[in-house]
Amino acid sequence: MKELLQVDNIKKSFEIKKRLFKSAIEICVIDGVSFKISKKQIFGLIGESGCGKTTIGRLVTKLIEPSSGKMFFNNKNISEMNKNETKEFRKKIGMIFQDPYESLNPRFTIINSVKEPLDIDGRMTKQEKFDCVKNIFKKIGLDTTEYFLNKYPHELSGGQRQRISIARSLIMKPKLIIADEPCSMLDVSIRSDIMNIILKFKQELEMSAIYITHDLSEAKYITDFVAVMYLGKIVETGQTQDIIDDPYHPYTKMLISAIPDIISKFKINISEKIPDPMNIPHGCAFHPRCPYAKEICKRIEPENVNVGEGHLVKCHLF
Ligand code: SF4
């Protein structure tokens, strides 16, 4: 297997209690998701809030375990890793969060935050760690003066904080980055800078990435492949350019119609009301919102159909 990451038919359910003294009910947030990521590939997970994109990121990083299905990293089953293997695996994975405050301890100076993974690893001398941080700051376009290194997160702008968060996630030279909506809290003017940093390190570290976003224009800029998710399932996947140029699924068309440049090409009117995840519609879960829904869509869930080279779509129209 030449893939860096292979995800096979994973499902994830959570038990929740709706009311006190009532028995818990199970909700399935990820339902049979499969995909592969090769080396130096950026794979986009696209969809509205609540579709399960972030849960996939948490499953892949082993923060939570799947209810069923398998995931392999460099041919090794992630769920079967022992304690030492998990420790080594985590060094090869970097996380970039939507809100950089999540990954930066407000009581740590930025140098202490960024070098913390090196401290835990324990293999470098104090000077080597200092040089390593300065080196990555230079590449990311951050100030390397002692004055700046000793600042605290609250003294920085949102863009600087996100760069620091990226520096921390890259300090161990990971092989896979999970970037969870890294630009959604930033000004439009600095979004492309953040994406360019990820692209630069993709080349330099020969790294792959899962780029989670609700914004197809970001996916268009940075990803090689995308999977469009709706209520826990992948409904369309393929090369990014193919999906943007020639989308098949009505939901993908709806997301594309939100990109201002191509709004006229795929304008499609769909209700904005997302179904309750605790009460997912039968058949095609998208049918209550879909203007093309037929009788069969309410009863039978569509299977994957190959509509082009590696371009798969789940819709009864095809
Ligand atoms: Fe619409 Fe039916 Fe296709 Fe679902 S399967 S997207 S309801 S046409």
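For the numbers below, each heavy atom of this structure counts, side chains included, while hydrogens, waters and symmetry mates do not. In this text, all values refer to a predicted model and were calculated from it rather than measured experimentally. First listed ligand is number 1; within each ligand, the first listed atom is number 1.
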Counting non-hydrogen protein atoms only, what is the nearest one to [atom]? Give residue, atom name and distance.
atom	answer
atom 5 (S) of ligand 1	H316 N, 3.2 Å
atom 4 (Fe) of ligand 1	C284 SG, 2.4 Å
atom 1 (Fe) of ligand 1	C290 SG, 2.4 Å

Numbering as shown, the atoms of ligand 1 that approach H249 to under 4.0 Å (heavy-atom distance): 6 (S)
Ligand 1 to P250, heavy atom cutoff 4.0 Å, flagged ligand atoms 6 (S)
Closer than 2.8 Å to atom 4 (Fe) of ligand 1, do we get an N, O or S atom from C297, backbone or side chain? no
Lys/Arg N to Asp/Glu carboxylate O, [X] vs [Y], below 4.0 Å:
X	Y	answer
K202	D224	yes
D193	R163	yes
E301	K233	yes

Whether the side chain of K62 engages the backbone of I78 through a donor-acceptor N/O pair (distance < 3.5 Å, no angle test) should be reported. yes
Y251 and Y230: aromatic ring centres closer than 6.0 Å? yes
What is the ring orientation for F73 with F89, classed by angle as parallel under 30°, tilted 30 to 60°, or perpendicular over 60°? perpendicular
Select one of side chain, backbone, both or neither to describe which atoms of C315 lie under 4.0 Å from any atom of ligand 1, heavy atoms only. both
